[in-house]
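Keep in mind that what you see is a predicted model, and the values were worked out from it rather than measured.
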Amino acid sequence: MLSPLREHLRDTFWFAPTAGLVCVVVLWLVAAGLDAEIVEYLRERRAYDEIGDLTAIAEDAKTIVTTVSSAMMTFIGVVFSISLVAVQMASGQLTPRVVRIFVRSRISKLTLTVFLSTFLFSLLVLTSYESETQPERVTAVPLVQSVVTLGLVGLSLLLFIAYVTTTLRLMQVGPVVDRITREALRVLVRQSGGGPDQVALPGETGRVVHRGRAGVLRDVDVARLVRVARRQGAVLRLIPRIGDYVVPGTPVLAVHGGREPDVGALRSAVSVGVERTFHQDMGFGLRQLVDIALRAMSPAVNDPTTAVQCLDRIVQFLAAAAPRPLGTVLHRDRRGWVRLVQDVPDWDDLVDLGFAELRRCAVESPQVTRRMLAGIDDLLLLVEEDRREPLLRHRALLEQAVERTVAQPADRVFALEPDRQGIG
């Protein structure tokens with residue numbers, strides 16, 4: 001399972017540029033050392049003419065480096081100002097939660113990192129130029145540094161093209177819902193498994209309450225919790241679900257059996273933040289898809305095609321979840337003993353999340369009702385008998401809502417005809 005620290009760093013925009021600036025300082029030190037070694041080698045061979053030639057070449061390159069250093073920050077400001085406008089437009093048209101996609105975008109972080117690194121490196125190179133022009137007295141010629149600067153400029157231009165292309169794609173509905181669905185499916189693979197009847201827990205011996213600020217339970221450090229439970233011979237049970245809002249004093253972990261564990265270590269393994277994340281939150285992807293569809297069906301937007309695209313992905317996610325055991329995840333130690341029991345959404349929860357709100361808003365749009373009925377029918381062919389009830393319930397409720405709302409019989413018949421394209 002992915003490290004929570006790694007996931008938290010992916011949700012920040014400062015770490016990659018900061019690490020890049022540190023690396024570029026190291027790169028400059030290496031390049032400056034190579035330049036000094038080149039000059040020292042030529043001086044030992046008394047090749048002063050070659051030193052003079054290198055100095056002349058470096059002076060010519062100084063003009064380029066100066067131009068790069070003065071223009072790069074302006075370039076960064078213009079590019080990312082446009083990007084902020086694009087993010088604002090996407091969040092307004094789809095959902096504010098899509099901003100997180102831009103924050104987690106690797107190409108966005110890489111582009112900003114290379115741009116800032118190019119600017120810093122060019123400034124450092126300018127400090128390496130000497131006022132001395134006599135070849136016998138020159139100690140270093142920033143030739144390698146100038147070449148590296150030009151390489152960083154070329155890389156910046158290539159990344160700029162890739163960045164603009166990616167940003168334009170993320171302003172479209174299709175790529176956004178596809179990104180959300182792929183993240184949701186990855187969480188589904190990690191979080192499904194186990195079942196409420198597969199483990200018998202010993203008696204509860206204690207509880208760990210949340211201390212600190214109130215917020216959303218983002219994730220837990222599973223590896224640390226399993227280690228603590230194994231050392232104490234206990235089984236831990238996560239009481240709230242990932243994504244629940246917890247306040248100080250809320251019980252977050254129940255201890256079953258074993259000795260009393262280290263409460264401080266358990267509390268530090270629980271991460272609370274201001275908003276939900278994808279890392280361990282199985283329902284967060286569906287929540288975003290439903291939010292986008294609801295906004296698309298609102299009278300202010302009136303874009304049922306976007307709602308149909310979201311329904312396509314909702315059905316895809318539910319189809320992937322249909323054969324999987326849901327409800328509880330069991331985390332085991334190296335010997336196979338269950339050490340952490342985590343409650344996750346079951347099949348009924350996921351179906352209700354995917355269809356309940358959309359069903360109530362879809363009755364005025366035959367395109368959406370037809371797609372929802374087709375999706376439910378497809379899922380009915382995939383699920384086992386014990387998972388048919390919520391699908392049949394939503395289908396019946398949708399039919400009843402259309403019967404009550406749509407006045408003309410011909411329109412009702414049309415709206416209740418399943419169609420995978422909505423209105424093909």
Side-chain angles (χ1 to χ4, degrees), residues 6-24 67-123 152-184 215-216 218 273-279 281 284-285 287-296 298 300-301 303 306 309-310 313:
R6 176 187 172 190
E7 286 297 308
H8 295 171
L9 291 178
R10 287 187 64 188
D11 285 331
T12 65
F13 212 76
W14 61 265
F15 178 75
T18 302
L21 293 178
V22 174
C23 292
V24 85
T67 303
V68 170
S69 62
S70 61
M72 187 55 66
M73 281 306 292
T74 303
F75 187 55
I76 293 172
V78 171
V79 169
F80 282 90
S81 296
I82 297 173
S83 302
L84 291 178
V85 174
V87 171
Q88 185 178 10
M89 291 179 60
S91 63
Q93 293 175 356
L94 302 176
T95 173
R97 277 156 290 282
V98 301
V99 175
R100 186 173 176 273
I101 296 178
F102 289 85
V103 174
R104 288 173 64 89
S105 173
R106 290 188 177 92
I107 188 65
S108 299
K109 295 177 182 179
L110 181 60
T111 302
L112 178 61
T113 300
V114 174
F115 282 6
L116 292 176
S117 299
T118 302
F119 172 71
L120 177 60
F121 194 86
S122 61
L123 292 181
L152 289 174
V153 171
L155 180 59
S156 299
L157 294 176
L158 293 176
L159 285 175
F160 172 68
I161 297 172
Y163 177 75
V164 171
T165 303
T166 303
T167 302
L168 291 176
R169 280 182 52 82
L170 291 180
M171 292 176 65
Q172 304 172 36
V173 176
V176 170
V177 297
D178 180 68
R179 179 78 66 88
I180 293 172
T181 306
R182 284 190 282 113
E183 290 264 15
V216 175
R218 297 192 300 179
V274 296
E275 61 180 355
R276 298 167 69 175
T277 66
F278 264 117
H279 183 207
D281 196 339
F284 189 44
R287 178 71 268 167
Q288 292 186 71
L289 293 173
V290 171
D291 287 346
I292 296 173
L294 289 174
R295 179 166 297 200
S298 65
V301 179
D303 182 14
T306 294
Q309 288 181 276
C310 293
R313 303 299 182 167

**Item:** Test: D291 and R295 ion pair at under 4.0 Å
**Value:**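 Looking at R295 together with D291, the answer is no, because their closest N to O distance does not fall below 4.0 Å.
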
Give the minimum heavy-atom separation between [X] and [Y], together with the two atoms involved.
X: V216; Y: V274; answer: CG2-O, 4.2 Å
X: I107; Y: A162; answer: CD1-CB, 3.9 Å
X: C310; Y: I292; answer: SG-CG2, 3.5 Å
X: G285; Y: I180; answer: O-CG2, 3.6 Å
X: R313; Y: L289; answer: CB-CD1, 3.8 Å
X: S117; Y: G20; answer: OG-O, 3.5 Å

Could you list the donor-acceptor pairs under 3.5 angstrom formed by side chains in residues 167-177, with sequence neighbours left out?
| residue | atom | partner | partner atom | Å |
| --- | --- | --- | --- | --- |
| T167 | OG1 | Y163 | O | 2.8 |

Are the side chains of L157 and I161 in contact, using a 4.5 Å heavy-atom criterion?
no

Do E275 and F284 have side chains that approach each other closer than 4.5 Å (heavy atoms only, starting at C-beta)?
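Result no, sub-4.5 Å side-chain heavy-atom pair not found.
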
Drop me the distance from [X]'s [atom1] to [Y]'s [atom2], to the nearest 0.5 angstrom.
X: Q309; Y: D303; atom1: CD; atom2: CG; answer: 8.0 Å
X: F115; Y: L110; atom1: CZ; atom2: CG; answer: 9.5 Å
X: L152; Y: S156; atom1: CG; atom2: OG; answer: 6.5 Å
X: L159; Y: T113; atom1: CG; atom2: OG1; answer: 9.5 Å
X: L120; Y: M73; atom1: CG; atom2: CE; answer: 10.5 Å
X: D281; Y: R218; atom1: CG; atom2: CZ; answer: 12.0 Å

- [ ] For side-chain contact (heavy atoms from CB on, under 4.5 Å), just list the numbers for Q288 and F278, CA-CA rounded to whole Å, side-chain angles, deciding distance to a tenth of an Å, and then say yes or no.
- [x] CA-CA 11 Å; Q288 292 186 71; F278 264 117; 3.1 Å; yes

A quick test of your reading: do over 12 heavy atoms of other residues, nucleotides or ligands sit less than 6.0 Å from CZ of F13? yes

